[in-house]
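Read the structure below first, then the notes.
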Amino acid sequence: MKISVIGCGYVGLVSGFCFADSGHKVTCIDNSDKKIELLKDNKVPIYEPGLKELLLKNLENNNLNFELNINENIRDSEIVLIAVGTPTGENGDADLTFVHQCAREISEFISPNTQIIIKSTVPVGTCDEVEDIIKENCVHSEFSVISNPEFLREGNAINDFVNPDRIVIGTNEQTDKKIMINLYKNIITEDKILFTSRRSSELIKYASNSMLAMRIIFINEIADLCEKIGADVTDIAKGIGLDKRIGPHFLEPGPGFGGSCFPKDARALIESGKKYGAPQTLLESVILGNENRKKNISKKILDKLDKQSENEIGILGITFKAETDDIRESPSLIIIPDLQENGMNISAYDPEGEKEASKILKDVNWKKSAYEAAENVDCLVILTDWEEFKNLDLNKLKNSMKRPLIYDFRNIFDPDMMTELGFEYCSIGRG
Ligand code: UDX
């Protein structure tokens, strides 16, 4: 099939490259000349494991090409997939400017019988709006708009895309269903597709992300309680996760959730609830609890330090989670300025995050390795669980620190082992 994918962000590029790899002819389109230039130069504008390899392979197969801006070339596409951003708007709701603009622009060019797939995360009713915009602007009315939200996680995006737990497709049309089965036929079997109405499909994405965000804030608050009462959150997560009704995933405590989806989607669902008179009070607490968590992390660190002297702090991990260069809504963006306001000097290392973070965080002494970030510090703070942090030579690390104090907000090390090695080791929710 011939597919145009509009939007070359995480979702657009991963979807486009994976569809190309499954045998379709894909054109990825973006209005950023910088991104398109990089892609045409065989470079991937984001860090996502495996993406570069897929790019090279599918350029060679002739299954991929790139285009600056939407233009008449999309006439050839049987499918136009919209994967543009839906950032948080002024009131917390989703800002649909890019989706609407995209709908207007494609109206001019789509051929009869084109399927328009909305992959961007959009509030309920957006597919209806896109349909109306295209109807107003298109010379024919033989097109359909299908909801197909994406559930991939950054850092594991390709694997998530090609091995999904399920594919959700919102359409009531039989022809659309057949085309969607065909689109995914080399990726998953039909029994993994859940067909729903467009509105249900749109809501599934928000409900899914919000449910996961809720679990994280829950386990974070349980971790706080564990610290007060001397219990171990790892055992609690295991103990509750063994109950099949609960399951083991998304129960790892941390410095608060971030990223481009959880905070944005939970806020958008709260706004939808207000709009339709169905308040989402639980989610309001989730957002508030998460914001408070990020604000309280610096206090936990400061409590361990000698406030009379000047302190040097080394930070390991800036991105919102490991295996990505994405810093959107990352806890580090709250924690580092809080520490600086309290007079701390900050050195930091992140395997991929420095480029973006250095545009936002000021007066940070950027280092080229975890060992460099640990040199002469009074405390080393772990904010992201990059694999390379788990494999550090801990003796080497300790010897370079002024005081062997580690505050680990991802619980990547065993507390007994760390004490034996001579560290003052603090982690979360472990007594
Ligand atoms: C999320 C959803 O998982 C994905 O389905 C959706 O398509 C996009 O949003 P992503 O934001 O890439 O994916 O990352 P995810 O791995 O879900 O982590 C989100 C945040 O939760 C991160 O800040 C992460 O550190 C945090 N987290 C996750 C925890 O603190 N504990 C956990 O147990 C899991």
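Atoms within each ligand, like the ligands themselves, are counted from 1 in listed order.
Each of Glu150, Phe151, Leu152, Arg153, Glu154, Lys205, Asn209, Ile216, Phe250, Leu251, Glu252, Phe257, Gly258, Cys261, Phe262, Phe320, Lys321, Arg410 has a non-hydrogen atom positioned under 4.0 Å from some atom of ligand 1.
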Show me, pair by pair, the donor-acceptor contacts under 3.5 angstrom made by side chains of residues 424-431, not counting sequence neighbours?
from   : atom 1 : to     : atom 2 : distance (Å)
Glu424 : OE1    : Arg403 : NE     : 3.3
Glu424 : OE1    : Arg403 : NH2    : 2.7
Glu424 : OE2    : Arg403 : NE     : 3.1
Tyr425 : OH     : Asp408 : OD2    : 2.5
Tyr425 : OH     : Phe413 : N      : 3.3
Tyr425 : OH     : Phe413 : O      : 3.1
Tyr425 : OH     : Arg430 : NH2    : 3.1
Ser427 : OG     : Arg430 : NE     : 3.0
Ser427 : OG     : Arg430 : NH2    : 3.3
Arg430 : NH1    : Phe413 : O      : 3.3
Arg430 : NH2    : Phe413 : O      : 2.7

What donor-acceptor contacts under 3.5 angstrom involve side-chain atoms of residues 91-102, with partners at least two apart or in another chain?
from   : atom 1 : to     : atom 2 : distance (Å)
Asp95  : OD1    : Thr97  : N      : 2.9
Asp95  : OD1    : Thr97  : OG1    : 2.4
His100 : NE2    : Glu129 : OE1    : 2.8
Gln101 : NE2    : Glu105 : OE2    : 3.2

Show me the donor-acceptor pairs within less than 3.5 Å that the side chains of residues 234-242 make with the rest of the protein, sequence neighbours left out.
from   : atom 1 : to     : atom 2 : distance (Å)
Thr234 : OG1    : Asp232 : OD1    : 3.0

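In this structure, Lys368 forms no cation-pi arrangement with Tyr349, as its terminal cationic atom is not both closer than 6.0 Å to the ring centre and no more than 45° off the ring axis. Both tests hold for Lys177 against Phe195: distance to the six-membered ring centre under 6.0 Å, angle to the ring axis within 45°.
Using modelled atom types, one finds no donor on one side chain facing an acceptor on the other under 3.5 Å when comparing Ser22 with Asn186.
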